[in-house]
Structure formats: structure tokens, C-alpha cells
Amino acid sequence: RNPMQILIATDGHLDPEVAADLAARLAEKGDTVTVATVIEVPRTLLTELRAFYRTPPPKAAIDEDHEYVGQPTAGTLSKQWPGDDAMIARFVADKKTKRTNPLKQALEARGLTPVVIAKESDAPAATIVGLVAEYDIELLIIGTHGRSRLEGLLGSTGTKLARLAPCSLILVR
């Protein structure tokens with residue numbers, strides 16, 4: 001038997017214990033379990049991040065993309081301003097940790113060592129389908145509902161994945 005590639009996609013609302021129990025029952029020695037989350041970064045977020053991260057974190061890398069962020073102006077931003085690219089990277093890293101760590105820990109508690117991926121995108125379903133292709137995923141595990149009730153049992157991303165995923169799909173309640 002060839003090793004199976006399993007992808008668990010989460011927006012942070014998937015019950016980590018239920019998903020980890022399922023993955024542990026399905027995965028055999030040599031199989032790969034990947035946990036992925038897609039983080040949507042609303043562009044209005046930059047204004048909020050500028051206010052929130054007024055003082056940069058210690059040892060912040062300075063963003064030199066002046067064509068995007070401009071030179072710091074006196075009295076407005078710190079001379080150590082990390083820049084928009086660094087701010088978005090920090091936001092994505094923070095969201096990745098918050099969304100995936102409970103699932104990662106639950107999988108590790110069951111003897112699995114997952115690969116963890118975060119992608120920035122405004123099209124979660126298309127991004128997950130892209131990951132399925134990129135990692136040769138044979139089994140996709142997702143939650144049954146998102147934050148919106150408009151799509152019924154599945155959220156809009158789940159509905160799209162049920163239609164578009166080129167692999168088997170398991171829904172976790």
C-alpha cells in the first residue's frame with residue numbers, strides 16, 4: 001500500500017478532538033496528515049494593524065518595500081516601523097497558530113506528527129483545492145458548517161469543497 005496523504009482543513013472552528021480521533025483511526029504508519037488553514041486578510045486590516053502594532057515587536061525586520069509602505073514620517077510612525085508586509089506576515093502567523101495549534105496538539109497526543117500550513121487568500125475553497133493538488137491529497141477532512149447559516153448544513157467554503165474537491169471528502173460534525 002502506498003502512503004496516504006490526508007488534509008484536514010480548518011478555519012479554527014473544527015472540533016480538534018473529533019477531527020484528531022478520526023484522523024488517528026484512518027491514518028496508518030507512513031501516512032502524512034497535513035493541517036491547513038486559509039487566512040483571509042481584509043485590506044482594511046492594515047489601518048487597524050498600524051494602530052494596534054504602533055510599537056514594533058522586538059527585533060522586527062524592517063520592511064524595505066518603500067514603494068508599498070512609504071518612508072516613515074516623523075511623528076506618525078516609529079522609525080522601527082516593520083512595514084505592511086511584516087505586519088501581514090505577523091497577522092497570518094498569529095492566526096495560523098490560533099487556528100491550528102489545538103488540532104496539531106490533539107493529533108500529536110494520538111501519535112501523529114502533522115505538517116501545518118497557512119495560506120493567505122480571499123478564496124479559501126480554491127486555495128484548499130490547490131493544496132489538494134499540490135500535496136497529492138487523497139482524503140480531505142473539513143467541518144460541517146462555517147460561520148454563515150446561508151448555506152445550510154455546510155458553510156459556503158464547505159459547499160464549494162464538496163463540489164470541487166478532486167478527492168474523497170469527510171465531513172466532521
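Keep in mind the model is a prediction, meaning the values are calculated, not measured. Index from 1, following the sequence. Side chains are part of it too, since the values below use all heavy atoms of this structure and drop only hydrogens, waters and symmetry mates.
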Go through the steps to decide whether Ile39 and Lys119 satisfy the test side-chain contact (heavy atoms from CB on, under 4.5 Å), and finish with yes or no. CA-CA 6 Å; Ile39 300 160; Lys119 294 280 187 177; over 6 Å; no

Worked check of side-chain contact (heavy atoms from CB on, under 4.5 Å) between Ile8 and Leu107: CA-CA 11 Å; Ile8 306 172; Leu107 289 163; 4.2 Å; yes

Determine whether Ile137 and Ile6 satisfy the following criterion, side-chain contact (heavy atoms from CB on, under 4.5 Å), listing intermediate values before the conclusion. CA-CA 6 Å; Ile137 300 299; Ile6 300 170; over 6 Å; no

Begin with the C-alpha distance, continue with both residues' side-chain angles, and end with the deciding distance and a verdict on side-chain contact (heavy atoms from CB on, under 4.5 Å) for Gln5 and Asp31. CA-CA 6 Å; Gln5 305 293 321; Asp31 291 348; over 6 Å; no

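Side-chain contact between Val115 and Tyr135 is absent, with no heavy atoms from C-beta onward closer than 4.5 Å. Contact of the Glu108 side chain with the Pro114 side chain is registered, since non-hydrogen atoms from C-beta on lie closer than 4.5 Å. Contact of the Val129 side chain with the Pro166 side chain is registered, since non-hydrogen atoms from C-beta on lie closer than 4.5 Å. Considering only heavy atoms from C-beta on, Cys167 stays 4.5 Å or farther from Glu138 through its side chain.
Here the shortest heavy-atom pairing between Ala9 and Leu140 reads CB-CD1, 4.2 Å. The two residues Ala118 and Val92 make their nearest non-hydrogen contact at CB-CG1, 4.4 Å. The nearest pair of heavy atoms linking Ser121 to Val38 is CB-CG1, 3.7 Å. Shortest non-hydrogen contact noted between Pro3 and Gly30 is CB-O, 3.2 Å. The shortest heavy-atom contact between Leu7 and Ala36 is CD1-CB, 3.6 Å.
Listed by chain and number, the residues in a side-chain hydrogen bond (donor to acceptor under 3.5 Å, both in side chains) with Ser168 amount to none (sequence neighbours excluded).
Separating the CG atom in Asp94 from the CZ atom in Arg90 is a distance of 6.0 Å, to the nearest 0.5 Å. Separating the CG atom in Leu169 from the CD1 atom in Ile142 is a distance of 4.5 Å, to the nearest 0.5 Å. Taken to the nearest 0.5 Å, the CG atom of Asp11 stands 8.5 Å off from the CD1 atom of Ile128. In this structure, CZ on Arg173 lies 7.5 Å from CG on Leu171, to the nearest 0.5 angstrom.
Asp122 CG: 12 or fewer foreign heavy atoms inside a 6.0 Å radius.
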Only distances under 3.5 Å count here; give the side-chain donor-acceptor pairs of residues 17-26 to other protein atoms, sequence neighbours excluded, each with its distance to 0.1 Å.
residue : atom : partner : partner atom : Å
Glu17   : OE1  : Arg110  : NH1          : 3.3
Glu17   : OE1  : Arg110  : NH2          : 2.6
Asp21   : OD1  : Arg110  : NE           : 2.6
Asp21   : OD1  : Arg110  : NH2          : 3.0

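No side-chain donor-acceptor contact under 3.5 Å links Asn101 to the backbone of Lys98.
Screening residues 32-41 for side chain to side chain donor-acceptor pair (under 3.5 Å), with sequence neighbours left out, gives Thr37-Arg99.
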